[in-house]
Amino acid sequence: MIKYFLKRLISILPVLFVVSILAFAFVHLLPGDPARMMAGTDADEATVEMLRKEMGMDRPLPIQYLTYMKNMATGDLGKSLRTKLPVYDEIMLRYWPTMYLAITGMAWSVVIGVLFGAAAAVYNGRWQDYTAMLLSVSGISVPQFWLGLLAIQLFAVHLGWLPVAGYTGKFSELILPSFTLGATVAAVMARFTLSAFLEVLDEEYISTARAKGVAEFLVMWKHAFRNALIPVVTMVGLQFGFLLGGSVVVETVFAWPGIGRYMIEAVGVRDYPVLQALLLLYSFHFVFINLLVDMVYALINPEIRYE
Amino acid sequence: MKRVILTLLALTLLAAPGYAGTKDIIYASESTAKSLDPHDTSDTYSGAIERAICQGLMGFDKDMNIIPLLAESYTFNDAATEFIFKLRQGIKFHDGTLFNANAVKVNIDRMMTGKYKRSSLMKPVESCQVIDDYTVRFSLKEPFGAFVNAIAHPGSLILSPKSLETYGDEVSKHPVGTGPYIFDEWVSGDHVRIKKNPDYWKGKVNVDSITFRPVPESGSRLAMLRAGQAHYIFPMPAEMIKVAENDPKLDIIKQPSIIERYLIMNTRYKPFADVRVRQAVNYALDKDSIIKIAWGGAAAEADSIIPSNLQFYKKQAAWPLDIEKAKALMKEAGYEKGFEVVFLTPNASNRLRATEMAQQQLAKIGITGKIESMDVASFYNKLEGQKKDDANPIPFIGFGGWSASTGDADWGTRPLISTDAFPPAMSNFGFFSDKKVDDFITAGLASASPDARKKAYADLQDYVWKQAPWGYLFVDTLMAAKVKNLKGIYPMPDGAFLVEDAELTD
Amino acid sequence: MNKKIAITQKKTPFSIFLHKFKQRKTAMIAGIFIVLLVLIAVFAPLVAPHDPFKVDYGSSMMPPSFEHPAGTDLYGRDILSRIIYGSRISLAVGFTSVFVGALAGVTLGIISGFFGGFLDGLIMRTSDVLFAFPGILLAIAIVAILGPGLVNVVVAVSLFSMPTFARIVRGSTLALKESLYVRAATSLGASKKRLMFVHILPGTLSSVIIYFTMRIGTSIITAASLSFLGLGAQPPTPEWGAMLAESRDYIGVADHMTIFPGAAIFLTVLFFNLFGDGLRAALDPKTK
């Protein structure tokens, strides 16, 4: 088990290495000149040239790449071209707001999804099933930005219950954006919970338990629920990366000071070091979460342990 | 599971509004602060925040008129090569340092190193000399009649020399000036907060602090204002003006800008090399509808190559909408059947709308083509990537906009239509080149005497308006919105703002 | 589960499926709606009351009326006609992008799960890398590099659908590979190709179909999100997402401009999802 874990952990490194190359390639393939963006659209050529030199963009690409890799290896992410502040500091400022958003969003989606999915499974084919699935599927059928804007209109402007946008550390500010983010994933959760439950409910040990006269509630909780959770755990992992990506749109609508909006801003001004670091950060999360999912999977169900 | 939901619900209810009653003014804007080092700032928004903290020798009032700030007066020679400023006495920086001629020299010398984004403002300067404690002289390399405008520009603000010594280029995070507000906190990507300067040399400051908060999505920004989460928003989305007008808690502020919008045509090549084709475009554009529909009414039709708020502006007769005349001109030029172009535009929604309308209108005289919208960086990359001598040029119409941040006619024309300004040097993306235009522009800078400059720019505007290097569109009207009990925050014609007189009544 | 699929399908595969599917009423309704939508898309010129590109500044942003049942947009174009023509675009974008992504993803997933070892590692790590880029960012990158437009939106969406398909199929393949049924087939000497595509593929299909239908909806929504970020269809294309993104500046001023395209997206995506649910229920032997 530990050997397997270590092996997988090491296998992250090549992925990150490839990602770092891709990140470098990606930012340099983007049309547009960071020096121009930093200098301002009304700047003269001399200013743009001066900045290009200062940023080291006047050097040949291979040299730039080597410098970039050398800095990466020593853990130096460089400085933001736009603010000249260290990229690490800039990202850390925005990292936790995004994490709070994604974790709360995930909580919403798990609660709603598992509840609705389980209900749909237990009442398979009856009206509860239809209602639960219709509601949860609605969440994934609306563009996030639209849902967010409508939610702001209703809950913040008309009813005045919740703040509109921004984040100053209050929990109330987290509710609308995290719900908007989580609504999309709730449907996926509900679906997988439903499938998983149906599968489990049909297993022999459930019928056995029932035949032995175990209370229906206990059957559901002890046997069905726990076993059905395995695929749901996988989905939590898989969808967490999706949530992080989805925060790009939600953070824009809700003026959330997180890394999603930062990404959009960094693309906008071609802030190369920031973009490269963010790409690595996103990838690291994703690969790491996948690894965790696999671990949990292997722990719960040792039969499907991979080579 | 039920308990979790109940907890969530309870938290939701508990979290009801708690944001009323604060003394802090919240300014919600579209932009994010990028730097607080005035000499190294290229965007209007950061520059405006810096102007609340720091001041220059000269500055602008809310209508972009030049006013003396840290200087009492100035004189210049006829050749416009020497400017002498008399400084105000008894002013202290926020850190207690005394403001004097040496402080000015330290700042100007820093800009003249050429290492900063606004170094270009001091490009004409040969040297800056301290004559006595309260007098400085600028000697220029060549005549530059618009120099006082460069001194009034937010890029020429004066920082405390002590802070420059202490922080070096990190001063971006610790700006220290002489202004009405003291820098308090900058959380990059989130907010900048400034607080009252109790010892402001001009007098009392009426609010305790101002927080500048970025809210990029315009609907969210207006919603924040309506929900009482912000006191002032800029820009007020013009499309939603009806919503704001119907809200009794709000006021709308309008301010004519110095931002001109126009359609760039590549005049170096056929078919736009023919002045008749360019004139046809101007006759075919329904400026009025574009302003109303694409721009939410927040603009005034352009009536010169520079906006009316710029120094030395001269009004011209507007191009009327006249499809017949446009068609006749097209026929005369040999393009009766029309031709194909590419429409290039940044992808901000109002620019996209304006381009879409131009596409609809020009189709009527046979100028048709696809729209290519892209983000600002790609857009400029595309425009700057053009070569002066292109063997296979594709005719294009690009959506252009220009804010002449010095407030002077020179910066509203030279970078855009002079031969020296072909990209990548500056922003003459249509490669417009005309000997007469170049001569007028040179004449405008050859003297610092207002009369001589006025004449040169009047001739320039009269001549170039008919030459139609652009499809003239309009000049933005800036819109801000605020809660009724807030007074004294003004949008400025360049898109910046003044917060010095801000006041929150009960 | 897999044994059962195979067995029941051998008896009366389609009739059982149809019977079960009919029982699922929401799915039936959704199916009818989708057929209707496809018909509308095909016969758009006959169905649309107006020319979707005809501009009339005089009737800008008119609320719904008899003449214009969904009102008019900024430039006075008929919104209903634009939605009708837009169904062509949204359906095409949704279907094409997922189809391409699924085709590639399923193939890679089966290969990866079946062969395991180095190939598995290679494919999974590649998909990890692809996965590791947030979808929207990948889309931004592709659109920024290739230039704006719908084709590139399709490319972007298929590219980031692919790894999910691969992952799902790989998971099922791993499980199926160990099943009695496949072991039996192996011992009977079935070729690898036959094992993969005849014995394993059908077993993975139900999860692929669920994800496929769900993904059609998601890709329509992704196209809309790209329009929100200014990277979607170019005007005057009547793509729903572009219409919705454009109208967001007018929420509270001309609500019909956002409600109708929004509803079109919502209903279409919802019905695709419900249809997918119906398929899942019908393909799953456990539902009665």
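Note on naming: letters A, B, ... go to the chains in the order of the sequence lines (proteins, then strands), and numbering restarts at 1 for each one.
- Between the OH atom in C:Y57 and the CG atom in B:D288 there is a gap of 11.5 Å [rounded to 0.5 Å].
- You'll find the side chain of C:D249 reaches within 4.5 Å of the side chain of B:S218, heavy atoms only.
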Tell me, with the steps shown, if B:Q360 and C:F53 meet side chain to side chain contact (heavy atoms under 4.5 Å, CB included). CA-CA 10 Å; B:Q360 291 159 2; C:F53 300 104; over 6 Å; no

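- For C:F99, the CZ atom sits in a loose shell: 12 or fewer heavy atoms of surrounding residues, nucleotides or ligands are nearer than 6.0 Å.
- For the atom pair NZ (B:K242) and CE (C:M61), the distance works out to 5.5 Å, reported to the nearest 0.5 Å.
- Under the 3.5 Å distance criterion, with hydrogens and angles disregarded, a donor-acceptor pair is assigned to the side chains of C:Q234 and B:S373.
- Heavy atoms of B:N246 lying under 4.5 Å from chain C are absent altogether.
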Would you check, one step at a time, whether the test salt bridge (charged side-chain N to carboxylate O under 4.0 Å, His left out) holds for C:E246 with B:R353? CA-CA 9 Å; C:E246 186 185 86; B:R353 288 197 295 262; over 6 Å; no

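- For chain C, the option among B:L352, B:L222, B:T355 with the highest count of heavy-atom pairs below 4.5 Å is B:L352.
- Residues B:V243 and C:I251 share a closest heavy-atom pair of CG2-O, 4.2 Å.
- The 12-atom threshold is not exceeded at CD1 of B:I394, counting heavy atoms of other residues, nucleotides or ligands nearer than 6.0 Å.
- At least one side-chain heavy atom of C:P236 sits less than 4.5 Å from a side-chain heavy atom of B:Q359.
- Comparing B:K370, B:K292, B:E239 by heavy-atom pairs within less than 4.5 Å of chain C, the highest count is held by B:E239.
- The closest side-chain heavy-atom distance from B:M240 to C:Y250 is not below 4.5 Å.
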